[in-house]
Amino acid sequence: MSENVVHLHKPTDPPAPDTAPTVLTVVPDAPPARPVPLWVRSGRAVKSAAMHERTRSTGRAVARHASYTFNGGRIVARRTWDGRTGSRYERMIRAAEAAGNLEAAEEWEERLQRFRAARHHRRMDLLHSPVEAAKGVAVGAGMSIGVLVALGVVMAINTGHVGDVITPLSATIDFIALLMRIVQVVWGPALTTAPFLALLALWSVGRKQQAAPNWALPANVRNGEGEPITPSIVVKALRDLGVPALRNAIKEMGDAGAGMLGPITIAGCGVEVDVTLPSGVSTNEVQNKRRKLAENLTRHEHEVFITIPQAARTVRLWIADSGALDEPIGPSPLVTDETMTADYTKGKAPWGQDLRGDAAALSLYQRHLLITGLSNQGKTVALRSLALWLSLDKSVQFLMGDLKGVGDWAMFDGLATTLIQGPTDEHVIQVTEMVEGAVDEMNRRIQAPPGTTFPPLIVLVDEAQVAFMCPAKDEDKRPYGGSKANSRYFMAVRKIHNQGRAVNVLMWQGTQDPTNENLPKLVREGAHTRASLALGTESQARMALGDKAVDGGAAPNLLRPGLDRGTLVVASDGITIPAGQSSITVRTHYIDDDAAEAITDRAKALRDGVTTLHAIERGEKHDPLADIAAVIGDAPRVRTKDVLARLATRNADAYGGWSFIDLKRVLDDAGAEPYKSDGVMVVARDRIARALANRDDEGSASADE
């Protein structure tokens, strides 16, 4: 025996019957057990996971096809029941009553009565049909036998054999016997396969309707990507919206909840449908559930738009095809059509496309413009595309201020009369004086003889929030920014908003992230055309577009920053908006810098040549308060009308366009307000002298400090 084998029982003891000796095998220097490599364990885990996934897929497939068959039977049974009874009409009556449409309810009730009368007539006919059928069979059989015998007689006469008289009759009997033998052969297999064919038919019906639990459906169907919008899908989405009154009303309607829906029509890259809500459900309850409604429709929130048409208790749903809004639109006609020109008075600027895919064009005639949105959302490009189109009308003049100053408007050099570019306070001062110069031009036009026509003057300021938030002040301590009555930029814009439209002096502004600080309320409401890109909050949307537009469904705050770049919500009478809506969503064309330069080159070729100023030329400095004191002279008081006339004579460039408001502003700021004397407004010499003395004292004190 080997030395490595040791017997544990005594050698003298006989081994137990049928029992092998117990041994201990010693293997010298046995190596330790090696760990299983990680890749082996990972492979086993992957294999196990794959097996589990196959098991789950198989289980889902079995459940899916079983549900198709079972629910297909339910669908066929329901259709059969509807065809045999008046349940369909009763559901439609309940739907019409729930929607408050009594005329439709009466019409469906009348149809139900006609259906019941026709059904009763058919049942009464069945009582007499067996006798009539028997008579018909007897008559038919007799006539058939007679015809066959007559045919046999003709054959017998022709052949001379009497036996041919029954030949047609015997041939017919043989044919009938053959048919019976065929039926006997086929009948057994037909009875065997008929249940399977019936189940296959039920399975086909269920599969077509996707009548299975959502977890058992294929992945592409479960995700709902590309799923077409049908009345049943819309009704289910509304039912599951979480509005109790709406859910209960649809439940009372049964499957006829589709009675709430108007026709589903193709609208651009999506579909549109009007939903008449049941009594007790308000439109804002549906508007506030936009995200949930979109998810119920297997869409993203940005792919569903809810607006309020003119019809009462109605919401209009526009539902995009999955992923359609992420596809870019085509190039601008300004780029593709090199022969295009513009007409400020009668034309419309090609701005982009609406959600229906139709061209969206904006009229700019005598309309102040405001475009706002978050940074880097395409505001400058959207504003610039309108200016590019209008530049193709050679009668239009431009005064431009770009307070970003990165060259977005550089192509208008040689086209605009004034082009100021830069973000500093000095640039704000220059832009403010440019706008004030436009106010002077507006006043000159207003004072012109009636019937005088003037070329359009577009005063455009991009990044206008920089001007409103500028802290700089002039020599008279008047701030350039802000929204107070002494703010120079604010007041200049307000003056153009108030009177500029009548003489074709228009204010266009682009601004970021609207708030009360960087976009005052009076300036917002002075714009005729208001457009907004993506914003952060509903309150900002209301500042940008107004309460009416937002209450009517406008929601730029629901646009996706970055993804919906260039998409605008527009509130204006200058663009075609569907009836009953207060705004429209426009996907604007993108025109890059190179294409913009090509368009401005065409615009420059239409003109004789424009010298562009890059700074405001300031005339000789003057002191309004001192000039007022000089024109008053030694008189104790002078009428304001005379003061204005004397100032204009003294310095026509500085005071030629002054009105009573300008004079009053200077006097109010100095504490020398005009007052009434003998029923007319006058300026007192003593007040002017005191204001000058106080100003000099303040200046001396400041110098001493």
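Keep in mind that what you see is a predicted model, and the values were worked out from it rather than measured.
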message: Can a donor-acceptor pair be found, under 3.5 Å and without considering hydrogens, that links the side chain of D476 to the backbone of R478?
response: no
message: Do L460 and L399 make a side-chain contact, defined as non-hydrogen atoms from C-beta onward lying under 4.5 Å apart?
response: no
message: One thing to verify: whether R488 and E436 come together as a salt bridge, which I'm taking to mean a side-chain N less than 4.0 angstrom from a carboxylate O.
response: yes
field: Contact check, side chains of Q353 and D358, non-hydrogen atoms, under 4.5 Å
entry: no
Side-chain heavy atoms of V569 within contact of L559, under 4.5 Å: yes
- request: Begin with the C-alpha distance, continue with both residues' side-chain angles, and end with the deciding distance and a verdict on side-chain contact (heavy atoms from CB on, under 4.5 Å) for I688 and V683.
  value: CA-CA 8 Å; I688 299 296; V683 180; 3.9 Å; yes
message: A quick test of your reading: do over 12 heavy atoms of other residues, nucleotides or ligands sit less than 6.0 Å from CZ of R607?
response: yes
With sequence neighbours excluded, residues passing side-chain contact (heavy atoms from CB on, under 4.5 Å) with K664: F660, D668, P674
query: Judged by atom type as modelled, is there a donor-acceptor pair below 3.5 Å linking the side chain of D337 to the main-chain atoms of P333?
result: no
message: Working to the nearest 0.5 angstrom, can you tell me the gap between Q430 CD and M434 CE?
response: 10.0 Å
- prompt: Checking Q540 side chain against G536 main chain: does a donor-acceptor pair fall under 3.5 Å?
  reply: yes
- request: Mind listing the closest non-hydrogen atom pair of K604 and D413 along with its distance?
  value: NZ-O, 2.9 Å
message: Under 4.0 Å between a side-chain nitrogen and a carboxylate oxygen: does that hold for D354 and R587?
response: no
query: Which value, rounded to the nearest 0.5 Å, describes the distance between K394 atom NZ and L415 atom CG?
result: 13.5 Å
query: With side chains defined as the heavy atoms from C-beta onward, is the minimum distance between T380 and K404 less than 4.5 Å?
result: yes
- request: State, with a plain yes or no, whether a side-chain heavy atom of I371 is found less than 4.5 Å away from one of L369.
  value: yes
- line: side-chain hydrogen bond (donor to acceptor under 3.5 Å, both in side chains) pairs touching residues 555-574, sequence neighbours excluded, are H302-R560, D326-R560, R367-D573, T529-S572, R560-D564
field: NZ/NE/NH1/NH2 to OD/OE distance under 4.0 Å, K548 and D551
entry: no
task: Check whether any side-chain N or O of T612 sits under 3.5 Å from a backbone N or O of G414 as a donor-acceptor pair, and report yes or no.
output: yes
- prompt: Which pair of non-hydrogen atoms, one from P350 and one from M340, has the smallest distance, and what is that distance?
  reply: CG-SD, 4.2 Å
- prompt: Looking at D593 and R384, does any basic side-chain N land under 4.0 Å from a carboxylate oxygen?
  reply: yes
Short N-O contact, D627 and R646, less than 4.0 angstrom: no
query: Between R501 (side chain) and L506 (backbone), is there a donor-acceptor pair under 3.5 Å?
result: no
- prompt: What distance do I599 atom CD1 and S385 atom OG have between them, rounded to the nearest 0.5 Å?
  reply: 9.0 Å
- prompt: Going by atom types only, do Y480 and D474 share a side-chain donor-acceptor pair under 3.5 Å?
  reply: no
query: At their closest point, which heavy atom of V435 faces which heavy atom of A492, and how far apart are they?
result: CG1-CB, 3.6 Å
- request: Please lay out, stage by stage, how R685 and D634 fare under the test side-chain contact (heavy atoms from CB on, under 4.5 Å).
  value: CA-CA 7 Å; R685 182 191 61 188; D634 296 332; 4.0 Å; yes
Heavy-atom pair with the smallest gap, counting every atom of P423 and V466: O-CG1, 3.8 Å
task: Using a strict cut-off of less than 4.0 Å between a Lys/Arg side-chain nitrogen and an Asp/Glu carboxylate oxygen, indicate whether D440 and R444 qualify as a salt bridge.
output: no
field: Spacing of R524 atom CZ and T511 atom OG1 [to the nearest 0.5 Å]
entry: 10.5 Å
query: Mind checking whether R690 and N694 have side chains closer than 4.5 Å, heavy atoms only?
result: yes
query: If only atom types and distance count, is the side chain of D393 paired as donor or acceptor with the main-chain N or O of L390 below 3.5 Å?
result: no
query: Any side-chain heavy atom of N516 within less than 4.5 Å of one from M543?
result: yes
message: Within the 4.5 Å heavy-atom criterion, are L644 and Y655 side-chain neighbours or not?
response: no
task: Without swapping roles, check the side chain of D669 against the backbone of V666 for a donor-acceptor pair under 3.5 Å.
output: no
query: For the side chain of R445 and the backbone of V503, is there at least one donor-acceptor N/O pair under 3.5 Å apart?
result: yes
message: Using a 3.5 Å distance criterion without hydrogens, assess whether the side chain of H528 forms a donor-acceptor pair with backbone atoms of H368.
response: yes
query: Got a sec, which pairs hit side-chain hydrogen bond (donor to acceptor under 3.5 Å, both in side chains) with one end in residues 671-683, sequence neighbours left out?
result: R637-Y675
task: Could you tell me the separation between the CG atom of L362 and the CH2 atom of W389, rounded to the nearest 0.5 Å?
output: 9.0 Å
- request: Fit a plane to each ring of F412 and W409, take the angle between them on a 0 to 90° scale, and name the class: parallel (under 30°), tilted (30 to 60°) or perpendicular (over 60°).
  value: tilted
message: Between S282 and E285, do the side chains contain a donor N or O and an acceptor N or O under 3.5 Å apart?
response: yes
message: Do D513 and Q465 pair up side chain to side chain, a donor and an acceptor below 3.5 Å, judged on atom types alone?
response: no
field: Donor-acceptor side-chain pairing of N504 and Y344 below 3.5 angstrom
entry: yes
message: On a heavy-atom basis, which atom in E517 and which in F468 lie closest, and how many Å separate them?
response: O-CB, 4.2 Å
- prompt: Which residues satisfy the side-chain contact (heavy atoms from CB on, under 4.5 Å) test with A467, sequence neighbours excluded?
  reply: L403, V428, Y489
message: Among residues at least two apart in sequence or on other chains, which ones pass side-chain contact (heavy atoms from CB on, under 4.5 Å) with A361?
response: K348
- prompt: If you measure from the Lys or Arg side-chain nitrogens to the Asp or Glu carboxylate oxygens, is any gap between D425 and K473 under 4.0 Å?
  reply: no
query: Is Q377 reaching over with its side chain to a backbone N or O of G562, donor-acceptor style, under 3.5 angstrom?
result: yes
field: Residue list, side-chain contact (heavy atoms from CB on, under 4.5 Å) with T452, at least two apart or on another chain
entry: A448, P449, F454
- request: Give the minimum heavy-atom separation between V335 and A595, together with the two atoms involved.
  value: CG2-CB, 4.0 Å
task: Applying side-chain contact (heavy atoms from CB on, under 4.5 Å), run through V461 and W508 and close with a yes or a no.
output: CA-CA 6 Å; V461 179; W508 291 10; over 6 Å; no
- line: Rounded to the nearest 0.5 angstrom, the CE-CG distance for M507 and L457 is 10.0 Å
field: Identified side-chain contact (heavy atoms from CB on, under 4.5 Å) partner of T588 from the options V381, L568, V570
entry: L568
task: Check the pair R639 / M681 against side-chain contact (heavy atoms from CB on, under 4.5 Å), numbers first and verdict last.
output: CA-CA 6 Å; R639 293 192 303 174; M681 296 298 293; over 6 Å; no
